[in-house]
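What you see is a predicted model; the values in this text were computed from it and never measured. Here is the naming used below: chain letters follow the sequence lines, and residue numbers restart at 1 for every chain.
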Protein chains: 2
Amino acid sequence: MSDTTATTPRGREATRQRLLDAAAEVFAEVGLDATSVESVCERAGFTRGAFYSNFASKEEMFLELAASVARSRVAEVEARVTELAGEGTLEATPATAVALVERVLDLPGDDRLGVLLMSEIRIHALRNPAMAEAFLEQDRELGRNIARMIGDIARASGLRLALPQDQVAQLLLLVWEGTMTRAVMAGRDRLGARDEVQKSLAGVVPLLIAGSD
Amino acid sequence: MSDTTATTPRGREATRQRLLDAAAEVFAEVGLDATSVESVCERAGFTRGAFYSNFASKEEMFLELAASVARSRVAEVEARVTELAGEGTLEATPATAVALVERVLDLPGDDRLGVLLMSEIRIHALRNPAMAEAFLEQDRELGRNIARMIGDIARASGLRLALPQDQVAQLLLLVWEGTMTRAVMAGRDRLGARDEVQKSLAGVVPLLIAGSD
DNA sequence: GTCTATAGAGGGATAGAC
DNA sequence: GTCTATCCCTCTATAGAC
């Protein structure tokens, strides 16, 4: 059935994944430098031997995790934008456009741990040119997808954008990120954070999408 | 002249300050956890003995540094807002208001190292409730001052705000921070970063301050 | 008040058993 | 492929000299 190339064909992938999942939690909770390989292994139910059989080092694993998170986020947003475009449910007023933006940007794992993990990735990107390039590329890719959605909404609804698509998209991402961060810092849970983000967007989005037709 | 209470009256304060300055750099460059007390002392021109004579631990020093940075930022912004109000130079159009906002928010030390240090402080605040409270209080205080300035400008210029003062202020801070972070990550120098921030603000500010009478 | 020396703990990475 | 044992280095924090 499944291809049995080496010794534990799907076991290896499963181990890698369990280690990566555990690492995502620990990295988020205490940061890369304060994370011991042992603590990751413990949470995943392995010992250090398994870790070093799958990853060259703690840093290499962090890079892989960051890349994986970036891919997931971009793919998820792209899928939602495409889905939205396919549904043809893009008619909106400046007020109801907020819900569409929320539907696209409310990513899975964008809870307390997710925000912490993204913050951890971001600060390492600030210090590491290679990571910075990858981070900014993810940011641009997210921006392109949001810009596409914004453009679709404006076109379908006869609304005029107050700023160029790209700038609107970057602004939305920035408001989302900043508001989420502040909400998490204030101890809001997932619902409370969503609430604050919605309030922020409800203020900003109508200014960006002015009615015209 | 100066009060000679103990042994080295102003020498002690000078040592503390040199250690704090050195620590600010190292914390920014590599992060709290990757910082060794030794590296801070080396940069300040001392050895570990001097450090532990002045600070209880690395963490305690970080807290003190974070508090000091927060105080400076709040004080600087407040001083500029008050200065601006005193000058009576608050007449502005939606376009020229950008320069006033810039003049207040372009803080000293808001270069690459400053952004890194604030990011480091922020991520620890995300993980530490006590630091979070202090960080959010600084944020609110900055917001109050910006809101005051925004209100003054609108009143003096006969402009109408598109959103409540507080929300406008928070949005400006958020745009400032997000744009600066992205600019630093892209490797922009101080001038390049200012440029990007100005472009962002030039887009957003006119939407927030709509002309009326 | 600052320096040198050192104790003591922790963690990254490797080697070899199974 | 995973586990156990271990090497070795780094770092925090303290004790005592000056």
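If you take OG1 on A:Thr181 and CZ on A:Arg122, they are separated by 5.5 Å, rounding to the nearest 0.5 Å.
Taking a 4.0 Å limit (strictly below) on heavy-atom distances, residues 42-53 of chain B reaches DNA chain D at B:Arg48, B:Tyr52. For residues 17-36 of chain A, proximity to DNA chain D is found at no residue, defined as any non-hydrogen atom under 4.0 angstrom from a strand atom.
A straight line from CD of B:Glu60 to P of D:dT12 spans 15 Å, rounded to a whole angstrom. Between the CD atom of A:Glu38 and the P atom of C:dA13 there is a distance of 14 Å, rounded to whole Å.
Here the shortest heavy-atom pairing between A:Gln138 and A:Val74 reads CG-CG2, 3.8 Å.
Ion pair B:Arg140/B:Glu133 flagged as a salt bridge, since at least one NZ, NE, NH1 or NH2 atom sits closer than 4.0 Å to an Asp/Glu carboxylate oxygen. One finds no salt bridge joining A:Lys199 and A:Glu196 here, because no Lys/Arg side-chain nitrogen approaches an Asp/Glu carboxylate oxygen to under 4.0 Å. A:Glu141 and A:Arg144 are joined by a salt bridge, as a carboxylate oxygen and a charged side-chain nitrogen come within less than 4.0 angstrom of each other. The pair B:Glu42-B:Arg48 does not count as a salt bridge, with every side-chain nitrogen at least 4.0 angstrom from each carboxylate oxygen.
A distance-only check finds a donor-acceptor pair linking the side chain of A:Thr35 to the backbone of A:Gly31 [under 3.5 Å]. Formation of a donor-acceptor pair under 3.5 Å by the B:Arg80 side chain with backbone atoms of B:Asp106 is found in this model.
Dashed line: the shortest gap from a side-chain N or O of A:Thr15 to OP1 or OP2 of D:dT2 is under 4.0 Å.
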